[in-house]
Each structure stands twice: as C-alpha cells, then as structure tokens.
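Okay, structure first, notes after.
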Amino acid sequence: MTGRILIVDDDENMCGMLHDDLTHRGHHVVFTTDAEEAFEQFMSEPFDVVVTDLRMPGLNGIDFCHRLAENRPDVPVVVITAFGSMDTAVEAIRAGAYDFVTKPIERDMLAIVIDRALKHRSLQEQVRFLREQREQSGDFEEFVGQSRIMERLFDQISRVAEQPVPVLITGESGTGKELIARTLHRHSERRDAAFVPVNCAALPAALLESELFGHRRGAFTDAKTDRRGLFLEADRGTLFLDEIAAMPLELQPKLLRALETGLIRPVGENTEIECDVRVVAATNKEPEAAVEDGEFREDLFYRVNVVRLEAPPLRARGNDILLLAQHFLQEVARRSDKPVKGLSPAAAQKLLSYHWPGNVRELRNAVERAVAMTRFEELAVEDLPPKIREYQSSAADADSQEDLLPLEEVERQYIQRVLDAVGGNKSTAARVLGLGRRTLYRKLERWGL
Ligand SMILES: Nc1ncnc2c1ncn2[C@@H]1O[C@H](COP(=O)(O)OP(=O)(O)OP(=O)(O)O)[C@@H](O)[C@H]1O
Ligand SMILES: [Mg+2]
C-alpha cells in the first residue's frame, strides 16, 4: 500500500534519506525541517501518514502530536524517538500518535510501520463511510434520499409495510419502484419468506399463466413435469407484479380471481390450491390512463390500488440528485478500486440542472461511466455523458435575472414548474406541493392553466 507521507525532522540529511527510501517504495513524500511549516502543510494538503521526530529545536514533540491529532484525528502519526527514551514514545502515543520507531532508523522497519498505518487509515475510512451511510439512510438501508418528497415516501412505506393490503406503486421508469417493493417486503412480517418479482409484460398470456400459477405435467406440449408457479413460490411472502398495467388482457380476470379468493388453479389442474401472498404491483404508465385505453381492467385496477405509493421523478428531488450521485460514486469507486472521491462543483451543477428522463437508473449509469472514464479524484464535467454535459435547461437563464415578483406570480410559476416536473399529473403535483387536489384545481382554473 502506498500513500502521501509528510516527514518532519530538523536533520536535513535524515529527511533526504527517508525521502529517497520511501519514494523508492512508491510513496509520495514531502519533507520539512521546520515544525511550524510542517503544521501548515499538514493542514493544507491531504496526507495519509505523518512521520515526525520528537526532539527538534523550538518544538515540544508531545504538543505537536496533540495538535495533529486534534485537527486531523484520521491521519496516523509515526514518531521517531531516540534509543532509550521509551517514556517519551509512550507519552506520544497517549497524545494521539499511532506508533513509533527508534533511532537509528531501520528503513525496513519504518516501511513496515508506515504500511500498517496506511492500512489502519484506509480501514478507518471504510468504517466511517459505512457508518455515515447508515446514519444517513436511517431505517432504509440502501434507500438514498433526504428531500421532503422522499421523506414523505419513507414515512408512507413504513406505515403500510406491516399492513397486509395490496400496494400499487406508480412512477416513471427508473424511479426505484422495485426498490420500494423490496423495502415494503423487508419491513413486513413476511420478511423471512420470499420476495418474488414477476414482469407481467414480458411473456405472452399462456406462458405467463403457467409462470404465475404453475401447471400439471401434460397440461400442454412442453409441460414435461409439474411446475409450482410463482404464486406458490411467494406463499407467505410477497409477490411483486411489475408492469401490471401491461399484463395480457385475457389473463387479467384470472389474476383478479386469484387475488380475490386467495386460491390459484395450476394450468391443467381441476382443483384450486390455497395461497397466501401479499401483492405489491407497479406500473410506469399512469394506471388510470391504461384503464381508459382499455389495456388494464378496471376491476383489477381497483383490486391492487388499495394503497397507492408514488415514486417521484428524480428531477423533483432537488439535492437528492447529488446525494445519489455521491452514493453511486463511492460504491463504484470502491468496487473498481479507483481513488475517485467526489464531484467537481461544475459537474454537480450539471447534474442538478439536467432533466433525468431515465431517473435514478440513468444517474447511476452516468456515474458508473464517469468513474470509469475519469483521470481525476473529482468527477469533472468532461467525464459526464454528452447528453448531460450539453443539456440546456430552460430554467438556467431564469436564475440570472433578479426580477422581484408578486407572491402570487411566484406561486403560479412554481406550480407550473412542479407540474412540468411531474409530467402534468395534477394529483402528483398536488401531493408534491402539499395542497389538496381541489385547492390546486381552483388555482389552476384562476390562472387559466
Ligand atoms: N432512492 C434510491 N436510493 C438508491 N438507489 C436507488 C434509489 N432509487 C432507485 N435506485 C436504484 O436505481 C435503479 C433503478 O431502480 P428500480 O429498478 O427500482 O426502478 P424502477 O422504477 O423499478 O424502474 P423500471 O420502471 O424501469 O422498472 C436500481 O439500481 C435501484 O437500486
Ligand atoms: Mg422495475
């Protein structure tokens, strides 16, 4: 393991010798013979380890250790002590030093101590990162979000998780609907049984039917054996019916019946089997519109729409965009062992002003790509995909004009912005705004929107 090392010793020859030796071992080494200067450098540059002599003119080595530890407790300090002054070494460690080596310095010994200090530091950093993540996400493990709209969603999730009622999750593609479904399952009494996802739009009706309900051997040509089906796989657990509004129309009555009776009938079987599943469904098409278009049976819609959760589009989540970007960045950096730590301010600005049609999934892909591309420790604008880099938001210019407006005008403009952000859906907009639907309609009518 290599790192950035600061060496402090009043003996210039010693500094030179340590510098050459450690540089040769792959470290980046800076040295100084003056303790005050050392402290200044220590505070202005990121170092991974400090190696310091304890006895220098004009310096109390113990105070120096205290000062380093107080300001940057995460950077381990290795002290050099004269042979036979164990008491000072112990004192230094009490003052926050990580370890010591005695003079005359054995270079291999020093290298080993430094290596251990570096490992210690990197482990500490990992632990801190994990802890911060924990604290930040509260109960919801890998669910990132601190915006009002997400706080409200977390609140709803924790309230309905324990109830056995069906839940319908709506939201654009990539907004985290499946993550919500999994979270509901994990926070329910059913957490020890299976969570079984099934994409209702991916298969033709006949195949999906035997996928869901199973079949008897010989029920059709390819049915060589009995098959249990996903309903039974999810017995006592949660069945996640993804893209439910796009399920083949002819299968919808059979699903409805299963949900109503709690009984399923495998294909080719005469008797029905009892099955206890909690149903969570999702759709990225407005279900009301799908009903109107005749693609989604109204009775099935009512059946699964007992509780409705809405995954808000990413562009309506404000600074969550940056929290998520940082979350994915750290995850990818760790996985790919790249020393990427954050976003440049300009890149952050780009992410904030983009409109994210692909939502969280698009953000995740953009960050993954950027981490793979970058040569820096901070992702730069040039690391971002061209679509995001070159995006011009219509609101970008608005910030620069400081027009002072009447409150009602600000309200009108803001409501318009929210409406745009949620794709014109008034019920969602009302929820985002914290207004009753009626109130919102009244305002829109007044403004002729
Ligand atoms: N709030 C969040 N915090 C962390 N990761 C998230 C969050 N929301 C979504 N993700 C991640 O974004 C990706 C997309 O989420 P998910 O698959 O749940 O979206 P979806 O709404 O089901 O999309 P689609 O409609 O395309 O099926 C996943 O990798 C998911 O883990
Ligand atoms: Mg999904």
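The shown structure was predicted, so the numbers you read here are calculated from the model rather than taken from an experiment. For ligands, and for the atoms within them, numbers begin at 1 and follow the listed sequence. Along the sequence shown, residues carry numbers from 1.
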Handout entry: salt bridge (Lys or Arg N to Asp or Glu O under 4.0 Å) pairs, two or more places apart, involving residues 41-52
Key = Arg4-Glu45, Asp48-Arg121

Practice task
Measure up the Phe296 and Phe301 rings against each other and bin them: parallel (under 30°), tilted (30 to 60°), perpendicular (over 60°).
Solution key: perpendicular

Handout entry: Residue pairs passing the salt bridge (Lys or Arg N to Asp or Glu O under 4.0 Å) test where at least one lies in residues 193-215, sequence neighbours excluded
Key = Glu209-Lys254, Glu211-Arg227

Practice task
Check each of Asn365, Val371, Val360 against Phe328 using the side chain to side chain contact (heavy atoms under 4.5 Å, CB included) test, and report the only one that passes.
Solution key: Val360

Fill in the blank from the handout: To the nearest 0.5 Å, atom CZ of Arg257 lies from atom CG of Leu263 at 7.0 Å

Distance dump, ligand 1 polar atoms to protein, N/O, under 3.5 Å:
{"from": "ligand 1", "atom 1": "1 (N)", "to": "Val144", "atom 2": "O", "distance (Å)": "2.9"}
{"from": "ligand 1", "atom 1": "3 (N)", "to": "Val144", "atom 2": "N", "distance (Å)": "2.9"}
{"from": "ligand 1", "atom 1": "17 (O)", "to": "Arg361", "atom 2": "NH2", "distance (Å)": "3.1"}
{"from": "ligand 1", "atom 1": "18 (O)", "to": "Lys177", "atom 2": "N", "distance (Å)": "3.4"}
{"from": "ligand 1", "atom 1": "18 (O)", "to": "Glu178", "atom 2": "N", "distance (Å)": "3.1"}
{"from": "ligand 1", "atom 1": "18 (O)", "to": "Leu179", "atom 2": "N", "distance (Å)": "3.1"}
{"from": "ligand 1", "atom 1": "19 (O)", "to": "Gly176", "atom 2": "N", "distance (Å)": "3.1"}
{"from": "ligand 1", "atom 1": "21 (O)", "to": "Thr175", "atom 2": "N", "distance (Å)": "3.3"}
{"from": "ligand 1", "atom 1": "21 (O)", "to": "Gly176", "atom 2": "N", "distance (Å)": "3.1"}
{"from": "ligand 1", "atom 1": "21 (O)", "to": "Lys177", "atom 2": "N", "distance (Å)": "2.8"}
{"from": "ligand 1", "atom 1": "21 (O)", "to": "Lys177", "atom 2": "NZ", "distance (Å)": "2.8"}
{"from": "ligand 1", "atom 1": "22 (O)", "to": "Glu178", "atom 2": "N", "distance (Å)": "3.2"}
{"from": "ligand 1", "atom 1": "23 (O)", "to": "Gly174", "atom 2": "N", "distance (Å)": "2.9"}
{"from": "ligand 1", "atom 1": "23 (O)", "to": "Arg361", "atom 2": "NH2", "distance (Å)": "3.2"}
{"from": "ligand 1", "atom 1": "25 (O)", "to": "Lys177", "atom 2": "NZ", "distance (Å)": "2.6"}
{"from": "ligand 1", "atom 1": "25 (O)", "to": "Asn284", "atom 2": "ND2", "distance (Å)": "3.3"}
{"from": "ligand 1", "atom 1": "26 (O)", "to": "Ser173", "atom 2": "OG", "distance (Å)": "3.0"}
{"from": "ligand 1", "atom 1": "26 (O)", "to": "Gly174", "atom 2": "N", "distance (Å)": "3.4"}
{"from": "ligand 1", "atom 1": "26 (O)", "to": "Arg361", "atom 2": "NH1", "distance (Å)": "2.8"}
{"from": "ligand 1", "atom 1": "26 (O)", "to": "Arg361", "atom 2": "NH2", "distance (Å)": "3.4"}
{"from": "ligand 1", "atom 1": "29 (O)", "to": "Arg364", "atom 2": "NH1", "distance (Å)": "2.8"}

Completion exercise
Residue pairs passing the salt bridge (Lys or Arg N to Asp or Glu O under 4.0 Å) test with at least one member in residues 234-251, sequence neighbours excluded, are none

